[in-house]
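All values reported here derive from a predicted model rather than from experimental measurement. Chain identifiers are assigned alphabetically (A, B, ...) following the order of the sequence lines, protein sequences preceding nucleic acid strands; residue numbering begins at 1 within each chain.
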Amino acid sequence: MYALADCNNFYVSCEKVFNPSLNGKPVIVLSNNDGCVVSRSNEAKALGIKMGEPAFKIVDLVEKNNVAVFSSNYVLYGDMSQRVMNTLATFTPDIEIYSIDEAFLKLHTLKNINFLDYAYKIRNTIKRYTGIPISIGLAMTKTLAKVANHIAKKNPKYNGVYIIDSEEKRIEALKSIEIADIWGIGRQYSRFLERYKVKTGYDFTMLPPNWVKQKMTVVGLRTQKELSGIPCIDLEYEVPRKKAICTSRSFANMVSDLNTIEEAISYFASSCAYKLRKEESVAQLLMVFIRTNFFRKDLEQYASVRTITLPVPTNSSIEIVSYALYALKSIYKPGYEYKKAGVIVSGISPDTQVQTSLFDDIDRNKHNNLMKTMDMINNKYGKNTIRLAALGCGRRLKMRQEKISPFYTTRWEDIITVKV
DNA sequence: TCTGGGGTCCTAGGACCC
DNA sequence: TCTGGGGTCCTAGGACCC
(Lines give C-alpha, C1' and ligand atoms only; values in the text may rest on other atoms or scores of the structure.)
Protein backbone atom coordinates (compact mmCIF):
# COMPACT_ATOMS: atom_id res chain seq x y z
CA MET A 1 0.00 0.00 0.00
CA TYR A 2 1.33 3.40 -1.03
CA ALA A 3 0.33 6.63 0.65
CA LEU A 4 0.82 10.09 -0.79
CA ALA A 5 0.92 12.79 1.87
CA ASP A 6 0.53 16.24 0.35
CA CYS A 7 0.41 19.55 2.22
CA ASN A 8 -2.66 21.65 1.47
CA ASN A 9 -1.89 25.02 -0.15
CA PHE A 10 1.59 24.63 1.31
CA TYR A 11 3.16 28.11 1.08
CA VAL A 12 -0.06 29.78 2.19
CA SER A 13 -0.38 27.29 5.06
CA CYS A 14 3.17 28.14 6.21
CA GLU A 15 2.25 31.82 6.37
CA LYS A 16 -0.94 31.00 8.29
CA VAL A 17 0.86 28.98 10.96
CA PHE A 18 2.60 32.12 12.20
CA ASN A 19 -0.22 34.51 11.45
CA PRO A 20 -3.52 32.92 12.50
CA SER A 21 -5.45 36.10 11.72
CA LEU A 22 -5.22 34.94 8.10
CA ASN A 23 -7.52 31.99 8.79
CA GLY A 24 -10.75 32.15 6.80
CA LYS A 25 -9.36 34.92 4.57
CA PRO A 26 -8.22 34.82 0.96
CA VAL A 27 -4.41 34.57 0.96
CA ILE A 28 -1.94 34.20 -1.92
CA VAL A 29 1.83 33.76 -2.21
CA LEU A 30 3.72 35.14 -5.23
CA SER A 31 6.73 33.76 -7.13
CA ASN A 32 10.12 35.47 -7.21
CA ASN A 33 10.00 39.14 -8.14
CA ASP A 34 6.37 39.07 -6.98
CA GLY A 35 5.55 37.83 -10.48
CA CYS A 36 2.92 35.08 -10.48
CA VAL A 37 0.55 33.45 -8.03
CA VAL A 38 2.09 30.17 -6.82
CA SER A 39 -0.05 29.29 -3.79
CA ARG A 40 -3.65 30.11 -2.88
CA SER A 41 -5.84 29.59 0.15
CA ASN A 42 -9.22 27.95 -0.50
CA GLU A 43 -10.86 31.35 -0.17
CA ALA A 44 -8.53 32.76 -2.84
CA LYS A 45 -9.34 29.82 -5.13
CA ALA A 46 -13.03 30.52 -4.60
CA LEU A 47 -12.48 34.08 -5.86
CA GLY A 48 -11.32 32.58 -9.15
CA ILE A 49 -7.62 33.39 -8.75
CA LYS A 50 -5.77 30.93 -10.96
CA MET A 51 -2.49 29.14 -10.34
CA GLY A 52 0.32 30.87 -12.21
CA GLU A 53 -1.66 34.03 -12.86
CA PRO A 54 0.51 37.17 -13.20
CA ALA A 55 0.04 39.35 -10.12
CA PHE A 56 -0.50 42.58 -12.05
CA LYS A 57 -3.58 41.11 -13.74
CA ILE A 58 -5.46 40.63 -10.47
CA VAL A 59 -4.66 43.88 -8.71
CA ASP A 60 -8.29 44.98 -8.68
CA LEU A 61 -9.57 41.62 -7.48
CA VAL A 62 -7.01 41.60 -4.69
CA GLU A 63 -7.93 45.07 -3.54
CA LYS A 64 -11.67 44.59 -3.73
CA ASN A 65 -11.62 41.35 -1.75
CA ASN A 66 -8.92 42.27 0.71
CA VAL A 67 -6.71 39.39 -0.35
CA ALA A 68 -3.59 39.02 1.80
CA VAL A 69 -0.52 38.90 -0.47
CA PHE A 70 2.93 37.51 0.37
CA SER A 71 6.24 37.41 -1.49
CA SER A 72 7.66 33.90 -1.36
CA ASN A 73 9.83 33.15 1.65
CA TYR A 74 11.66 29.96 0.67
CA VAL A 75 13.76 29.92 3.82
CA LEU A 76 10.56 29.62 5.85
CA TYR A 77 8.92 27.07 3.54
CA GLY A 78 12.06 24.93 3.39
CA ASP A 79 12.26 24.85 7.15
CA MET A 80 8.58 23.99 7.58
CA SER A 81 8.93 21.29 4.93
CA GLN A 82 11.71 19.69 6.96
CA ARG A 83 9.50 19.63 10.05
CA VAL A 84 6.69 17.94 8.13
CA MET A 85 9.03 15.37 6.54
CA ASN A 86 10.75 14.58 9.83
CA THR A 87 7.38 13.94 11.45
CA LEU A 88 6.20 11.78 8.53
CA ALA A 89 9.38 9.72 8.80
CA THR A 90 8.44 8.68 12.33
CA PHE A 91 5.52 6.66 10.88
CA THR A 92 7.49 4.46 8.46
CA PRO A 93 11.10 4.05 7.36
CA ASP A 94 9.88 3.69 3.77
CA ILE A 95 9.54 7.30 2.75
CA GLU A 96 10.38 9.20 -0.41
CA ILE A 97 10.42 12.97 -0.18
CA TYR A 98 8.99 13.80 -3.57
CA SER A 99 8.87 17.58 -3.43
CA ILE A 100 8.87 20.43 -0.92
CA ASP A 101 5.30 19.59 0.09
CA GLU A 102 4.78 15.92 -0.83
CA ALA A 103 6.04 12.53 0.28
CA PHE A 104 5.25 8.97 -0.72
CA LEU A 105 5.12 6.42 2.08
CA LYS A 106 5.05 2.65 1.72
CA LEU A 107 3.06 0.93 4.40
CA HIS A 108 3.63 -2.71 3.44
CA THR A 109 5.89 -3.44 6.39
CA LEU A 110 3.22 -2.50 8.91
CA LYS A 111 1.29 -5.60 9.79
CA ASN A 112 -2.22 -5.73 11.17
CA ILE A 113 -3.04 -2.09 10.89
CA ASN A 114 -6.10 -0.38 9.55
CA PHE A 115 -4.66 1.83 6.81
CA LEU A 116 -7.40 4.39 7.05
CA ASP A 117 -7.00 4.82 10.82
CA TYR A 118 -3.26 5.03 10.43
CA ALA A 119 -3.56 7.74 7.78
CA TYR A 120 -5.84 9.80 10.02
CA LYS A 121 -3.32 9.41 12.80
CA ILE A 122 -0.54 10.68 10.52
CA ARG A 123 -2.67 13.61 9.40
CA ASN A 124 -3.59 14.64 12.94
CA THR A 125 -0.02 14.34 14.17
CA ILE A 126 1.36 16.52 11.38
CA LYS A 127 -1.26 19.13 12.11
CA ARG A 128 -0.53 19.10 15.83
CA TYR A 129 3.27 19.11 15.53
CA THR A 130 3.68 21.57 12.65
CA GLY A 131 0.38 23.37 12.14
CA ILE A 132 0.30 22.31 8.49
CA PRO A 133 -2.86 20.61 7.16
CA ILE A 134 -2.19 17.66 4.87
CA SER A 135 -4.23 15.28 2.73
CA ILE A 136 -3.44 11.60 2.31
CA GLY A 137 -4.35 9.29 -0.56
CA LEU A 138 -3.84 5.54 -0.30
CA ALA A 139 -3.78 2.90 -3.04
CA MET A 140 -1.78 0.02 -4.44
CA THR A 141 0.25 2.13 -6.89
CA LYS A 142 1.80 5.57 -6.67
CA THR A 143 -0.30 6.94 -9.52
CA LEU A 144 -3.52 5.69 -7.90
CA ALA A 145 -2.38 7.13 -4.56
CA LYS A 146 -2.15 10.46 -6.36
CA VAL A 147 -5.71 9.98 -7.60
CA ALA A 148 -6.87 9.09 -4.08
CA ASN A 149 -5.15 12.21 -2.75
CA HIS A 150 -6.95 14.31 -5.34
CA ILE A 151 -10.28 12.92 -4.13
CA ALA A 152 -9.35 13.48 -0.48
CA LYS A 153 -8.62 17.14 -1.24
CA LYS A 154 -11.70 17.80 -3.36
CA ASN A 155 -14.32 16.28 -1.06
CA PRO A 156 -14.47 17.72 2.46
CA LYS A 157 -16.63 14.79 3.56
CA TYR A 158 -13.59 12.50 3.56
CA ASN A 159 -11.76 14.68 6.06
CA GLY A 160 -8.50 14.74 4.16
CA VAL A 161 -7.99 10.99 3.70
CA TYR A 162 -9.16 8.67 0.93
CA ILE A 163 -8.29 5.07 0.18
CA ILE A 164 -8.74 3.08 -3.02
CA ASP A 165 -8.80 -0.48 -1.75
CA SER A 166 -11.20 -2.30 -4.03
CA GLU A 167 -11.81 -2.74 -7.74
CA GLU A 168 -15.12 -0.87 -7.47
CA LYS A 169 -13.49 2.11 -5.78
CA ARG A 170 -10.68 2.15 -8.32
CA ILE A 171 -13.12 2.35 -11.22
CA GLU A 172 -15.33 4.87 -9.50
CA ALA A 173 -12.31 7.04 -8.68
CA LEU A 174 -10.98 6.91 -12.24
CA LYS A 175 -14.37 7.79 -13.69
CA SER A 176 -14.52 10.85 -11.45
CA ILE A 177 -11.12 12.30 -12.37
CA GLU A 178 -10.39 14.36 -15.45
CA ILE A 179 -7.60 13.10 -17.68
CA ALA A 180 -5.64 16.34 -17.20
CA ASP A 181 -5.53 15.73 -13.43
CA ILE A 182 -3.71 12.41 -13.74
CA TRP A 183 -0.09 12.40 -12.57
CA GLY A 184 2.05 12.07 -15.70
CA ILE A 185 -0.52 13.50 -18.12
CA GLY A 186 0.32 17.11 -18.80
CA ARG A 187 -1.13 19.80 -21.01
CA GLN A 188 0.01 18.41 -24.34
CA TYR A 189 -1.08 14.83 -23.73
CA SER A 190 -4.44 15.73 -22.20
CA ARG A 191 -5.23 17.92 -25.19
CA PHE A 192 -4.10 15.14 -27.51
CA LEU A 193 -6.14 12.49 -25.68
CA GLU A 194 -9.26 14.60 -25.62
CA ARG A 195 -9.19 14.54 -29.40
CA TYR A 196 -9.68 10.79 -29.08
CA LYS A 197 -12.62 11.25 -26.68
CA VAL A 198 -10.55 10.33 -23.65
CA LYS A 199 -12.00 12.53 -20.92
CA THR A 200 -11.43 10.69 -17.66
CA GLY A 201 -8.77 8.51 -16.09
CA TYR A 202 -11.06 5.57 -16.71
CA ASP A 203 -11.26 6.26 -20.47
CA PHE A 204 -7.46 6.24 -20.54
CA THR A 205 -7.23 2.79 -18.97
CA MET A 206 -9.52 1.47 -21.71
CA LEU A 207 -7.13 2.38 -24.54
CA PRO A 208 -5.09 -0.38 -26.22
CA PRO A 209 -1.68 -0.47 -24.46
CA ASN A 210 0.21 -0.73 -27.74
CA TRP A 211 -1.38 2.44 -28.99
CA VAL A 212 -0.54 4.20 -25.72
CA LYS A 213 3.07 3.09 -25.95
CA GLN A 214 3.37 4.16 -29.55
CA LYS A 215 1.87 7.61 -28.97
CA MET A 216 3.12 8.35 -25.46
CA THR A 217 6.30 6.27 -25.05
CA VAL A 218 6.87 3.84 -22.21
CA VAL A 219 6.22 6.66 -19.76
CA GLY A 220 2.58 6.86 -20.84
CA LEU A 221 2.31 3.08 -20.78
CA ARG A 222 3.57 2.99 -17.19
CA THR A 223 0.95 5.54 -16.18
CA GLN A 224 -1.75 3.42 -17.81
CA LYS A 225 -0.61 0.26 -16.03
CA GLU A 226 -0.35 2.01 -12.70
CA LEU A 227 -3.92 3.26 -13.08
CA SER A 228 -5.00 -0.30 -13.78
CA GLY A 229 -3.48 -1.34 -10.47
CA ILE A 230 -0.17 -2.77 -11.70
CA PRO A 231 2.73 -1.13 -9.81
CA CYS A 232 5.49 0.10 -12.14
CA ILE A 233 7.01 2.93 -10.14
CA ASP A 234 8.63 2.05 -6.83
CA LEU A 235 9.68 4.32 -4.00
CA GLU A 236 13.00 6.07 -4.49
CA TYR A 237 14.77 5.57 -1.21
CA GLU A 238 17.97 7.44 -1.87
CA VAL A 239 18.17 10.90 -3.29
CA PRO A 240 20.05 10.43 -6.56
CA ARG A 241 22.95 12.72 -7.38
CA LYS A 242 21.70 15.67 -9.44
CA LYS A 243 22.52 15.56 -13.16
CA ALA A 244 22.19 19.27 -13.67
CA ILE A 245 22.19 22.26 -11.35
CA CYS A 246 20.80 25.63 -12.33
CA THR A 247 20.63 29.09 -10.82
CA SER A 248 18.75 31.69 -12.81
CA ARG A 249 16.66 34.77 -12.16
CA SER A 250 14.53 37.30 -13.93
CA PHE A 251 15.62 40.84 -13.24
CA ALA A 252 13.15 43.13 -11.52
CA ASN A 253 14.04 45.77 -14.08
CA MET A 254 15.51 45.13 -17.49
CA VAL A 255 19.27 45.53 -17.75
CA SER A 256 21.43 46.34 -20.73
CA ASP A 257 24.95 47.10 -19.55
CA LEU A 258 27.51 44.33 -19.43
CA ASN A 259 28.85 45.17 -15.99
CA THR A 260 25.57 44.59 -14.25
CA ILE A 261 24.94 41.33 -16.08
CA GLU A 262 28.47 40.21 -15.19
CA GLU A 263 27.67 40.67 -11.53
CA ALA A 264 24.49 38.64 -11.91
CA ILE A 265 26.23 35.83 -13.81
CA SER A 266 29.02 35.77 -11.20
CA TYR A 267 26.39 35.37 -8.51
CA PHE A 268 24.58 32.58 -10.40
CA ALA A 269 27.85 30.78 -11.15
CA SER A 270 29.08 30.90 -7.57
CA SER A 271 25.67 29.70 -6.41
CA CYS A 272 25.94 26.71 -8.79
CA ALA A 273 29.43 25.98 -7.46
CA TYR A 274 28.14 26.09 -3.90
CA LYS A 275 25.28 23.71 -4.73
CA LEU A 276 27.81 21.37 -6.35
CA ARG A 277 29.97 21.37 -3.22
CA LYS A 278 26.95 20.67 -1.04
CA GLU A 279 26.22 17.59 -3.18
CA GLU A 280 29.92 16.61 -3.09
CA SER A 281 29.88 16.76 -6.88
CA VAL A 282 31.95 18.32 -9.64
CA ALA A 283 30.81 19.47 -13.08
CA GLN A 284 32.51 19.39 -16.44
CA LEU A 285 29.95 21.35 -18.48
CA LEU A 286 28.88 24.92 -17.97
CA MET A 287 26.11 26.80 -19.74
CA VAL A 288 25.39 30.50 -19.57
CA PHE A 289 22.23 31.99 -21.03
CA ILE A 290 20.80 35.47 -21.36
CA ARG A 291 17.59 36.67 -22.90
CA THR A 292 15.45 39.72 -23.38
CA ASN A 293 11.84 40.09 -22.22
CA PHE A 294 9.67 37.79 -24.39
CA PHE A 295 6.53 39.55 -23.24
CA ARG A 296 7.62 42.86 -24.66
CA LYS A 297 6.66 42.46 -28.31
CA ASP A 298 7.53 46.12 -28.83
CA LEU A 299 11.22 45.58 -28.04
CA GLU A 300 13.84 43.81 -30.09
CA GLN A 301 14.38 40.24 -28.96
CA TYR A 302 17.58 38.35 -28.44
CA ALA A 303 18.43 35.13 -26.62
CA SER A 304 21.61 33.14 -26.58
CA VAL A 305 23.36 30.37 -24.74
CA ARG A 306 27.01 29.32 -24.62
CA THR A 307 28.21 25.93 -23.43
CA ILE A 308 31.77 25.41 -22.28
CA THR A 309 33.53 22.14 -21.52
CA LEU A 310 35.84 22.63 -18.56
CA PRO A 311 39.34 21.15 -18.85
CA VAL A 312 38.97 19.41 -15.49
CA PRO A 313 35.66 18.82 -13.66
CA THR A 314 35.44 21.26 -10.78
CA ASN A 315 33.29 22.79 -8.07
CA SER A 316 35.53 25.74 -7.34
CA SER A 317 33.67 29.05 -7.40
CA ILE A 318 36.79 30.76 -8.67
CA GLU A 319 37.04 28.58 -11.76
CA ILE A 320 33.33 28.37 -12.48
CA VAL A 321 32.81 32.12 -12.16
CA SER A 322 35.71 32.93 -14.44
CA TYR A 323 34.56 30.50 -17.17
CA ALA A 324 30.99 31.76 -16.83
CA LEU A 325 32.14 35.35 -17.37
CA TYR A 326 34.13 34.26 -20.39
CA ALA A 327 31.02 32.55 -21.80
CA LEU A 328 28.88 35.60 -21.07
CA LYS A 329 31.23 37.93 -22.94
CA SER A 330 31.02 35.70 -25.99
CA ILE A 331 27.22 35.96 -26.23
CA TYR A 332 26.51 39.41 -24.83
CA LYS A 333 25.40 41.95 -27.40
CA PRO A 334 25.03 45.61 -26.49
CA GLY A 335 21.84 47.48 -27.26
CA TYR A 336 19.34 44.96 -25.89
CA GLU A 337 17.26 45.10 -22.72
CA TYR A 338 17.94 41.85 -20.88
CA LYS A 339 15.33 40.37 -18.58
CA LYS A 340 16.65 37.01 -17.51
CA ALA A 341 19.96 35.19 -17.21
CA GLY A 342 21.26 32.02 -15.66
CA VAL A 343 23.99 29.45 -15.26
CA ILE A 344 23.58 25.67 -15.58
CA VAL A 345 26.26 23.14 -14.73
CA SER A 346 26.09 19.52 -15.87
CA GLY A 347 28.31 16.59 -16.75
CA ILE A 348 28.28 15.91 -13.04
CA SER A 349 30.30 13.29 -11.17
CA PRO A 350 31.31 12.64 -7.56
CA ASP A 351 34.09 14.94 -6.32
CA THR A 352 36.10 11.87 -5.34
CA GLN A 353 36.36 10.72 -8.95
CA VAL A 354 37.98 13.55 -10.84
CA GLN A 355 39.84 12.77 -14.04
CA THR A 356 42.81 15.12 -13.86
CA SER A 357 44.62 16.54 -16.83
CA LEU A 358 48.29 16.29 -17.67
CA PHE A 359 48.39 20.00 -18.47
CA ASP A 360 46.41 21.20 -15.49
CA ASP A 361 48.10 24.18 -13.90
CA ILE A 362 45.62 24.79 -11.10
CA ASP A 363 46.50 23.89 -7.51
CA ARG A 364 43.28 21.99 -6.77
CA ASN A 365 44.12 21.32 -3.13
CA LYS A 366 44.48 25.00 -2.55
CA HIS A 367 41.12 25.73 -4.20
CA ASN A 368 39.43 23.00 -2.18
CA ASN A 369 40.75 24.30 1.12
CA LEU A 370 39.76 27.83 0.26
CA MET A 371 36.23 26.78 -0.75
CA LYS A 372 35.82 24.72 2.41
CA THR A 373 36.83 27.65 4.58
CA MET A 374 34.61 30.04 2.65
CA ASP A 375 31.59 27.73 3.00
CA MET A 376 32.25 27.29 6.70
CA ILE A 377 32.31 31.02 7.32
CA ASN A 378 29.26 31.66 5.15
CA ASN A 379 27.28 28.90 6.84
CA LYS A 380 28.02 30.49 10.17
CA TYR A 381 27.65 34.18 9.36
CA GLY A 382 25.22 34.17 6.46
CA LYS A 383 25.22 33.72 2.71
CA ASN A 384 27.96 35.57 0.79
CA THR A 385 29.60 37.06 3.88
CA ILE A 386 32.78 36.09 2.03
CA ARG A 387 32.51 36.10 -1.75
CA LEU A 388 34.44 36.68 -4.91
CA ALA A 389 34.88 40.34 -5.79
CA ALA A 390 33.21 39.64 -9.14
CA LEU A 391 29.88 39.37 -7.34
CA GLY A 392 30.08 43.04 -6.35
CA CYS A 393 28.17 44.23 -3.35
CA GLY A 394 24.94 42.73 -4.63
CA ARG A 395 22.86 45.87 -4.41
CA ARG A 396 22.26 46.48 -8.09
CA LEU A 397 20.04 43.49 -8.82
CA LYS A 398 17.69 43.14 -5.91
CA MET A 399 14.64 40.98 -6.47
CA ARG A 400 11.30 42.60 -6.03
CA GLN A 401 10.02 41.26 -2.69
CA GLU A 402 7.65 43.77 -1.30
CA LYS A 403 5.55 41.51 0.91
CA ILE A 404 8.01 39.12 2.48
CA SER A 405 7.04 37.64 5.84
CA PRO A 406 9.47 37.44 8.79
CA PHE A 407 11.90 34.51 8.96
CA TYR A 408 9.92 33.00 11.81
CA THR A 409 11.79 29.74 12.15
CA THR A 410 15.43 30.33 11.25
CA ARG A 411 18.53 31.91 12.69
CA TRP A 412 18.65 35.50 13.81
CA GLU A 413 21.47 36.18 11.35
CA ASP A 414 18.98 35.75 8.50
CA ILE A 415 16.64 38.24 10.07
CA ILE A 416 19.43 40.77 10.53
CA THR A 417 20.48 40.30 6.90
CA VAL A 418 16.98 41.03 5.71
CA LYS A 419 16.72 44.19 7.78
CA VAL A 420 20.03 45.44 6.43
C1' DT B 1 4.98 49.11 -15.01
C1' DC B 2 4.21 44.38 -13.77
C1' DT B 3 4.57 37.62 -16.49
C1' DG B 4 9.03 32.17 -11.46
C1' DG B 5 12.62 28.68 -10.77
C1' DG B 6 14.51 24.14 -10.79
C1' DG B 7 14.49 19.65 -12.11
C1' DT B 8 13.70 14.52 -14.73
C1' DC B 9 13.10 11.17 -18.46
C1' DC B 10 12.56 9.37 -23.29
C1' DT B 11 13.28 9.22 -28.28
C1' DA B 12 15.18 9.98 -32.77
C1' DG B 13 18.89 10.85 -35.46
C1' DG B 14 23.66 11.44 -36.46
C1' DA B 15 28.42 10.22 -35.80
C1' DC B 16 31.27 6.85 -34.74
C1' DC B 17 33.28 1.91 -33.76
C1' DC B 18 34.50 -3.05 -35.31
C1' DT C 1 22.29 -6.12 -60.91
C1' DC C 2 24.28 -6.48 -56.71
C1' DT C 3 26.56 -2.96 -51.52
C1' DG C 4 26.24 -6.22 -43.81
C1' DG C 5 25.28 -6.46 -39.17
C1' DG C 6 25.64 -5.07 -34.70
C1' DG C 7 26.75 -1.90 -31.51
C1' DT C 8 27.75 2.82 -28.46
C1' DC C 9 27.62 7.63 -27.41
C1' DC C 10 25.96 12.23 -27.73
C1' DT C 11 22.63 15.88 -28.49
C1' DA C 12 18.38 18.34 -29.32
C1' DG C 13 13.78 18.49 -28.67
C1' DG C 14 9.71 17.49 -26.39
C1' DA C 15 7.13 15.73 -22.85
C1' DC C 16 6.49 15.74 -17.79
C1' DC C 17 6.81 17.09 -12.46
C1' DC C 18 6.64 20.42 -8.28
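- Atom-to-atom, CD of E402(A) to C1' of dC2(B) comes out at 10 Å; the value is rounded to the nearest Å.
- Y77(A) has its OH atom 13 Å from the C1' atom of dG4(B), to the nearest Å.
- Using a 4.5 Å cut-off on side-chain heavy atoms (C-beta onward), N253(A) and R400(A) make contact.
- With respect to I320(A), the side chain to side chain contact (heavy atoms under 4.5 Å, CB included) criterion is satisfied by exactly one of L325(A), L286(A), I308(A): L286(A).
- Going from atom CE of M51(A) over to atom C1' of dT3(B) covers 14 Å, rounded to whole Å.
- Note: F18(A) and Y408(A) have parallel aromatic rings, judged against thresholds of 30 and 60 degrees for the angle between ring planes.
- The CG atom of L193(A) sits 14 Å away from the C1' atom of dC16(C) (whole-angstrom rounding).
- For dT1(B), the OP1/OP2 oxygens have no side-chain nitrogen or oxygen of K57(A) closer than 4.0 Å.
- Rounded to the nearest Å, the gap between the P atom of dT3(B) and that of dC18(C) is 25 Å.
- Checked against dC17(C), dC2(B), dG4(B), the side chain of Y98(A) finds its nearest nucleotide in dC17(C).
- Going from atom CZ of R400(A) over to atom P of dC2(B) covers 7 Å, rounded to whole Å.
- One can place CD1 of I97(A) at 17 Å from C1' of dC17(C), the figure rounded to the nearest angstrom.
- In the set dC2(B), dA15(C), dC17(C), the nucleotide with an atom closest to the side chain of Q188(A) is dA15(C).
- Counting non-hydrogen atoms under 4.0 angstrom, E53(A) reaches nothing in the nucleic acid.
- No engagement by D34(A) is indicated, since no non-hydrogen atom pair under 4.0 Å with the nucleic acid exists.
- The M254(A) side chain lies nearest to dC2(B) when the options are dC2(B), dC18(C), dG4(B).
- Under the 6.0 Å distance and 45° angle rule, K169(A) counts as a cation-pi partner of Y162(A).
- In this structure the side chain of E279(A) reaches within 4.5 angstrom of the side chain of R241(A), judged on heavy atoms.
- Using a 4.0 Å heavy-atom distance criterion, I185(A) is classed as a sugar-phosphate-only contact.
- Contact annotation for L221(A): no contact, since no heavy-atom pair falls under 4.0 Å across all strands.
- Between F91(A) and Y118(A), the angle of the ring planes goes over 60°, which puts this pair in the perpendicular group of the 30/60° scheme.
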Revision key, fill the gap. Whether each nucleotide of nucleotides 5-12 of chain B has a protein heavy atom under 4.0 Å at its base (B), only at its sugar-phosphate (S) or at neither (-) is summarised, 5' to 3', as SSSSSSS-
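- Geometrically, R291(A) engages F294(A) in a cation-pi contact defined by less than 6.0 Å to the ring centre and at most 45° from the axis.
- For the pair K339(A) and dT3(B), the criterion of a side-chain N or O lying under 4.0 Å from OP1 or OP2 is met.
- Atom CG of L30(A) is separated from atom C1' of dT3(B) by 11 Å (rounded to the nearest Å).
- Heavy-atom minimum distance, T200(A) versus K175(A): CG2-O, 3.5 Å.
- A distance of 6.0 Å or more separates the ring centres of Y336(A) and Y332(A).
- In DNA chain C, runs of at least 3 stacked Watson-Crick or G-U pairs (N1-N3 plus N6-O4 or O6-N4, or N1-O2 plus O6-N3, all under 3.5 Å) give these stems: B:5-18 with C:5-18.
- Here dG14(C) presents its C1' atom at 14 Å from CZ of R191(A), a figure rounded to the nearest Å.
- Centroid-to-centroid, the aromatic rings of W183(A) and F104(A) come within less than 6.0 Å.
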